[in-house]
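As C-alpha cells, the structure follows; a few thoughts come after it.
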Amino acid sequence: MSRHRHHPDDDDIDAFRQALREAGVRPIETNRADPGRRRHSDASSAARRAAASAASDEHATGRTSDGRVEPVSPSEPLDFALPDLPWRTRSQLKRGRIAWEIGLDLHGYTLEEARRELEAFLRDAAAEGRRCVLVVHGKAWGTTSDYPVIKSHVNAWLREWPAVLAFCSATESDGGTGAVYVLLRRRGRDG
C-alpha cells in the first residue's frame with residue numbers, strides 16, 4: 001500500500017458530484033448539535049413534556065434513579081458500553097462514525113426536568129427504532145455544586161437505561177465533552 005495518498009483532480013470531483021446528483025443524493029442541512037437555548041415550540045418536546053407531566057407516579061414510571069451520583073469534571077470524556085458490544089461498533093461510535101438521528105438538548109432544565117425529558121426521549125427513540133441519538137448535557141457547574149450536575153447525572157442515568165448499549169462523549173463538531181452519542185438496542189435485534 002502506498003504511503004502517498006491520491007488527491008483527485010477537479011474532473012474526478014465533478015464526476016463524483018454529478019454521480020451523486022444523478023443518484024438522487026442530497027446534502028443534509030446540518031448534522032450538528034444546537035447548543036443554543038432550548039426550543040419551546042418544538043412539537044416533539046412539548047409532547048414529551050406533556051407525557052412526563054401526565055404520569056401520575058413519577059417513581060413508578062421512571063427508569064432512572066435520582067440518588068447520588070459520582071461527579072465528573074467538565075472536560076472528562078464519558079464512555080460506557082455493555083461487555084458484549086463488539087469492539088468495532090464501540091470504536092465507530094467513539095469516532096462519530098455512526099450517524100445520530102435525533103438529538104435532545106438539556107440546557108436550561110432543572111435536574112428533575114432533565115431526567116423526565118431524557119426518559120421520555122429515550123422511550124420515544126426506542127419506539128421509533130432509532131439506533132443512535134445525541135444527548136447534549138452541557139458541562140456547566142451547578143449553582144450549588146462544584147461539578148457539572150446534569151452531565152454527572154446523565155452519565156449515571158444512561159448506564160441504568162435498559163435500551164442503552166453504549167454511550168460516549170461526542171466529537172468536537174457535535175459538542176465534545178458537553179454531549180454524548182447514545183447507541184440504542186433495536187427491537188428484535190441486538191439481543
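What you see below is based on every heavy atom in this structure, not just the backbone, and it leaves out hydrogens, waters and symmetry mates. Fair warning: this is a prediction, and the values are worked out from it, not measured in the lab.
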Student check: side-chain heavy atoms of [X] and [Y] closer than 4.5 Å:
{"X": "Arg185", "Y": "Leu82", "value": "yes"}
{"X": "Lys151", "Y": "Val180", "value": "no"}
{"X": "Val136", "Y": "Leu104", "value": "no"}
{"X": "Val69", "Y": "Asn155", "value": "no"}
{"X": "Val182", "Y": "Leu158", "value": "yes"}
{"X": "His137", "Y": "Leu78", "value": "yes"}
{"X": "Val133", "Y": "Trp100", "value": "no"}
{"X": "Arg131", "Y": "Glu101", "value": "yes"}

Check for a donor-acceptor pair, side chain of [X] on one end and backbone N or O of [Y] on the other, with a separation under 3.5 Å.
{"X": "Thr177", "Y": "Pro77", "value": "no"}
{"X": "Glu113", "Y": "Thr110", "value": "yes"}
{"X": "Glu117", "Y": "Leu106", "value": "no"}
{"X": "Thr89", "Y": "Leu85", "value": "no"}

[atom2] on [Y] to [atom1] on [X], rounded to 0.5 Å:
{"X": "Phe121", "Y": "Leu118", "atom1": "CZ", "atom2": "CG", "answer": "8.0 Å"}
{"X": "Cys132", "Y": "Ile98", "atom1": "SG", "atom2": "CD1", "answer": "6.0 Å"}
{"X": "Asp11", "Y": "Asp14", "atom1": "CG", "atom2": "CG", "answer": "6.5 Å"}
{"X": "Leu93", "Y": "Leu183", "atom1": "CG", "atom2": "CG", "answer": "5.5 Å"}
{"X": "Arg90", "Y": "Phe80", "atom1": "CZ", "atom2": "CZ", "answer": "8.5 Å"}

Arg88: side-chain contact (heavy atoms from CB on, under 4.5 Å) partners, not counting sequence neighbours:
Gln92
One pair to check against side chain to side chain contact (heavy atoms under 4.5 Å, CB included): Trp161 and Glu119. What are the steps and the verdict?
CA-CA 9 Å; Trp161 197 261; Glu119 287 179 353; 3.6 Å; yes
With sequence neighbours left out, the residues meeting salt bridge (charged side-chain N to carboxylate O under 4.0 Å, His left out) with Glu76 are none
If you apply the rule side chain to side chain contact (heavy atoms under 4.5 Å, CB included), what do you find for Ile13 with Arg17, and how did you get there?
CA-CA 6 Å; Ile13 293 171; Arg17 288 185 178 148; 3.6 Å; yes
Quick check on Asp10: does its CG atom have over 12 non-hydrogen neighbours (other residues, nucleotides or ligands) under 6.0 Å away?
no
Tyr181-Ser169 side chain donor-acceptor pair, cut-off 3.5 Å:
no
What I want to check is whether the side chains of Ser75 and Lys139 have a donor and an acceptor closer together than 3.5 Å.
no
Presence of salt bridge, Glu112 and Arg115, under 4.0 angstrom:
yes
Shortest non-hydrogen separation from His107 to Gly138 and the atoms involved
NE2-CA, 3.7 Å
Measure across Tyr147 and Pro71 and return the closest heavy-atom pair with its distance rounded to 0.1 Å.
CG-CB, 3.5 Å
May I have the step-by-step check of side chain to side chain contact (heavy atoms under 4.5 Å, CB included) for Thr171 and Lys94, ending in yes or no?
CA-CA 8 Å; Thr171 60; Lys94 288 173 97 169; over 6 Å; no
